[in-house]
K.L.:
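This is the structure, below, for whatever I ask next.
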Amino acid sequence: MSSGDQQPPPQQQQQEGHPLIKPTFTEKQAAELVQRIFGLEVSQLRPLPSYDDQNFHVSAASFPGKGESAGDFVLKIINAEDSQNSDLVEVQTQIMMFLNGEGFPVAMPRLTRDGKVLFLETVDIGSFTQKFVVRLLSYLPGKTVATLPVTPPILYDIGQMAAKLDKTLAEKFQHPLLKSLHRGEFIWNLRNVPLLKKYLYALGKSEYLDAVKHVIEQFQVNVIPKLSSFQSCINHGDLNDHNILLDVVSASSPNPQYRISGILDFSDMSYGYYVFEVAIAIMYMMIESKDPLSVGGHILAGFESVVPLTPKERDALFLLVCGRYAQSLVVAAHTTLLHPENEEYLMITAKTGWKHLMMLVEMGQETVEQIWFQTAESYRK
């Protein structure tokens with residue numbers, strides 16, 4: 001759910017003439033992009049929800065003469081700010097192709113007419129032009145985790161998948177553009193929780209303001225000094241309940257069996273630490289759960305079946321989960337002020353997120369960790 005690197009408040013953006021970064025292509029323009037750039041005739045196209053990019057589900061017509069059959073794709077038009085760093089998008093796409101080759105359910109890019117994995121589209125907006133990176137990705141089957149009742153076995157699988165993904169990248173992936181994943185002040189990297197201070201204005205006089213300030217303060221004191229001792233890796237960075245797809249393996253009632261059929265949205269990738277990935281997964285899987293407190297133990301068990309955490313990493317897990325709640329909720333409030341037309345999607349997490357964050361803060365680290373660690377330990381017996 002990236003919203004790019006640092007952005008000034010909306011009032012300052014207007015004063016500086018800072019353009020809004022979310023693309024606003026019409027369905028007709030999107031269909032024209034698919035035909036012109038990728039050489040496919042569109043038979044059907046519909047918008048998909050997105051944080052600050054623009055996505056369309058594309059059904060392409062068949063071309064018997066060229067030996068091509070009809071197919072489904074996702075057209076991704078990346079926001080103007082992230083599109084300024086095409087190296088970053090390039091390496092993210094190369095990582096997707098690599099992971100697909102390693103057996104992960106990750107979308108593959110359709111090459112452009114001239115054999116590239118992406119295209120830079122220039123749009124004339126009167127007094128200036130904007131550039132948007134355009135990609136066409138294979139459409140993955142399944143339903144999002146957010147739409148299904150998630151069971152402990154699925155949570156375990158999600159934790160295990162998260163660890164395998166990061167470990168595979170850390171041990172096997174090499175590319176000359178990898179350095180672009182060192183993203184400095186990228187707001188969605190968990191190490192940058194303290195940068196939320198400049199966005200607190202978006203909460204106004206909210207009853208939650210003190211809780212967020214407390215989380216940021218504790219994070220600075222108890223997490224930041226320990227980072228150098230954590231196990232480093234490349235993080236997907238956004239394994240939320242809308243970015244993981246599940247497919248039915250067995251539909252037997254009342255307990256259908258699911259498997260992970262898709263991992264979406266690699267736009268928040270950056271260098272980080274294994275413990276960041278498990279914390280992010282725990283936080284987002286809590287959102288729709290009927291028993292949110294138990295979620296952490298099942299995901300942690302799956303994750304540690306592949307990458308065991310050190311005592312220092314385990315000790316930081318509670319504040320990392322709280323920190324991700326703070327990031328998601330504060331940045332969503334900020335971005336909603338910039339894009340009120342996208343409020344429904346931007347505030348998805350907020351519906352239950354504030355309630356969960358307050359619950360964690362009020363219960364405290366020791367009580368919550370005891371639940372998580374005991375659940376994780378039960379898998380080892």
Side-chain angles (χ1 to χ4, degrees), residues 1-5 20-40 42-60 71-100 104-123 130-142 144 177 180-181 183 186 188 236-240 242-245 261-270 335 339 342 345-346 348:
M1 277 191 179
S2 165
S3 67
D5 289 359
L20 294 179
I21 60 174
K22 188 176 173 74
T24 55
F25 286 73
T26 66
E27 292 183 29
K28 183 178 179 181
Q29 289 170 326
E32 189 274 331
L33 283 178
V34 174
Q35 198 282 326
R36 171 166 51 88
I37 298 170
F38 300 98
L40 294 178
V42 175
S43 60
Q44 198 171 4
L45 181 145
R46 64 178 176 85
L48 294 170
S50 177
Y51 200 85
D52 58 6
D53 299 327
Q54 196 175 15
N55 298 332
F56 295 92
H57 180 182
V58 176
S59 295
D72 285 323
F73 302 89
V74 174
L75 176 68
K76 291 191 71 71
I77 306 171
I78 295 174
N79 68 78
E81 185 173 352
D82 287 347
S83 291
Q84 292 175 26
N85 189 351
S86 58
D87 281 357
L88 177 63
V89 183
E90 170 84 25
V91 77
Q92 289 166 349
T93 311
Q94 293 294 336
I95 283 174
M96 292 169 66
M97 296 166 69
F98 167 78
L99 288 172
N100 182 283
F104 290 87
V106 175
M108 286 288 284
R110 161 113 185 172
L111 298 183
T112 64
R113 285 174 181 255
D114 58 356
K116 303 288 178 57
V117 297
L118 54 84
F119 182 86
L120 201 58
E121 176 75 357
T122 301
V123 178
Q130 282 185 326
K131 294 181 184 295
F132 298 98
V133 169
V134 179
R135 291 181 299 173
L136 193 65
L137 304 174
S138 56
Y139 187 84
L140 298 174
T144 63
L177 297 177
S180 63
L181 292 178
R183 300 176 70 175
F186 179 52
W188 289 108
H236 174 281
D238 196 15
L239 291 174
N240 70 55
H242 292 267
N243 283 342
I244 299 173
L245 301 177
S261 61
I263 307 165
L264 307 179
D265 195 355
F266 286 74
S267 61
D268 282 1
M269 296 199 82
S270 63
T335 311
H339 300 288
N342 202 26
Y345 182 76
L346 292 170
I348 285 173

K.L.:
Among all residues two or more places apart in sequence or in another chain, which pass the salt bridge (Lys or Arg N to Asp or Glu O under 4.0 Å) test with Glu90?
P.N.:
none

K.L.:
Of all residues at least two apart in sequence or in a different chain, which pass the side chain to side chain contact (heavy atoms under 4.5 Å, CB included) check with Pro109?
P.N.:
Thr93, Met97, Val117, Leu137

K.L.:
Excluding sequence neighbours, so at least two apart, what forms side chain to side chain donor-acceptor pair (under 3.5 Å) with Gln84?
P.N.:
none

K.L.:
Which pairs, with at least one residue in residues 76-96 and sequence neighbours excluded, count as a ring pair (Phe, Tyr, Trp, His ring centres under 6.0 Å)?
P.N.:
none

K.L.:
I'd like to check the side chain to side chain contact (heavy atoms under 4.5 Å, CB included) partners of Asn85; sequence neighbours left out, ordered by chain and number.
P.N.:
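With neighbours one apart ignored, the set is Asp87, Leu88.
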
K.L.:
Name all residues meeting the side chain to side chain contact (heavy atoms under 4.5 Å, CB included) criterion together with Ser43; count only those two or more places apart in sequence or in a different chain, and write none if there are none.
P.N.:
Ser59, Ala61

K.L.:
To the nearest 0.5 Å, what is the distance between CD1 (Ile37) and CG (Asp114)?
P.N.:
9.5 Å

K.L.:
With sequence neighbours excluded, what pairs up with Ser180 under the side chain to side chain donor-acceptor pair (under 3.5 Å) test?
P.N.:
none

K.L.:
Is any side-chain heavy atom of Leu181 less than 4.5 Å from a side-chain heavy atom of Ile95?
P.N.:
yes

K.L.:
For a 4.5 angstrom cut-off between non-hydrogen side-chain atoms, does Asp268 reach Phe186?
P.N.:
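With C-beta onward as the side chain, the pair touches.
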
K.L.:
Locate the shortest heavy-atom distance separating Arg110 from Phe38; write the atom from each residue and the value.
P.N.:
O-CE2, 3.4 Å

K.L.:
Fit a plane to each ring of Phe25 and Phe132, take the angle between them on a 0 to 90° scale, and name the class: parallel (under 30°), tilted (30 to 60°) or perpendicular (over 60°).
P.N.:
perpendicular

K.L.:
Find the distance between CZ (Arg135) and CE (Met96) and round it off to the nearest 0.5 Å.
P.N.:
5.5 Å

K.L.:
Between CG of Asn79 and NZ of Lys22, what distance do you get to the nearest 0.5 Å?
P.N.:
8.5 Å

K.L.:
For the OG atom of Ser261 and the CG atom of Leu245, what is their distance to the nearest 0.5 Å?
P.N.:
5.0 Å

K.L.:
Would you say that Leu136 contacts Leu40 through its side chain, given a criterion of any heavy-atom pair below 4.5 Å between the two side chains?
P.N.:
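They are in contact (side-chain heavy atoms under 4.5 Å apart), so the answer is yes.
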
K.L.:
Excluding sequence neighbours, so at least two apart, what forms ring pair (Phe, Tyr, Trp, His ring centres under 6.0 Å) with Phe56?
P.N.:
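With sequence neighbours excluded, Phe56 shows a ring pair (Phe, Tyr, Trp, His ring centres under 6.0 Å) to no residue whatsoever.
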
K.L.:
Drop me the distance from Leu177's CG to Gln94's CD, to the nearest 0.5 angstrom.
P.N.:
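That separation rounds to 8.0 Å.
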
K.L.:
Kindly write out the residues that satisfy side chain to side chain donor-acceptor pair (under 3.5 Å) with Lys131, not counting sequence neighbours, or none if the list is empty.
P.N.:
Thr122

K.L.:
Nearest 0.5 Å please: distance from the CG atom of Leu48 over to the OG atom of Ser50.
P.N.:
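If we round to the nearest 0.5 Å, Leu48:CG and Ser50:OG are 9.0 Å apart.
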
K.L.:
Would you please name every residue forming a side chain to side chain donor-acceptor pair (under 3.5 Å) with Ser86, sequence neighbours left out?
P.N.:
none

K.L.:
Which residue pairs satisfy the salt bridge (charged side-chain N to carboxylate O under 4.0 Å, His left out) criterion with at least one member in residues 24-39, sequence neighbours excluded?
P.N.:
Glu32-Arg36, Arg36-Glu121

K.L.:
Do you know the tightest heavy-atom contact between Arg183 and Ser270?
P.N.:
CD-CB, 3.7 Å

K.L.:
Mind running side-chain contact (heavy atoms from CB on, under 4.5 Å) on Ile263 and Leu239 for me, showing each step along the way?
P.N.:
CA-CA 8 Å; Ile263 307 165; Leu239 291 174; 3.9 Å; yes

K.L.:
Excluding sequence neighbours, so at least two apart, what forms side chain to side chain contact (heavy atoms under 4.5 Å, CB included) with Arg113?
P.N.:
Gln35

K.L.:
Kindly determine whether Ile77 and Leu33 satisfy side-chain contact (heavy atoms from CB on, under 4.5 Å), including the steps that lead there.
P.N.:
CA-CA 10 Å; Ile77 306 171; Leu33 283 178; 3.9 Å; yes

K.L.:
Closest approach of Tyr139 and Val74, non-hydrogen atoms and distance?
P.N.:
CD1-CG2, 3.6 Å

K.L.:
Please name the pair of heavy atoms, one in Gln44 and one in Val42, separated by the smallest distance, quoted to 0.1 Å.
P.N.:
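Heavy-atom minimum between the residues: O-CG1, 3.4 Å.
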
K.L.:
Take Lys76 and Asn55, measure what side chain to side chain donor-acceptor pair (under 3.5 Å) needs, and give me the verdict at the end.
P.N.:
CA-CA 5 Å; Lys76 291 191 71 71; Asn55 298 332; 3.1 Å; yes

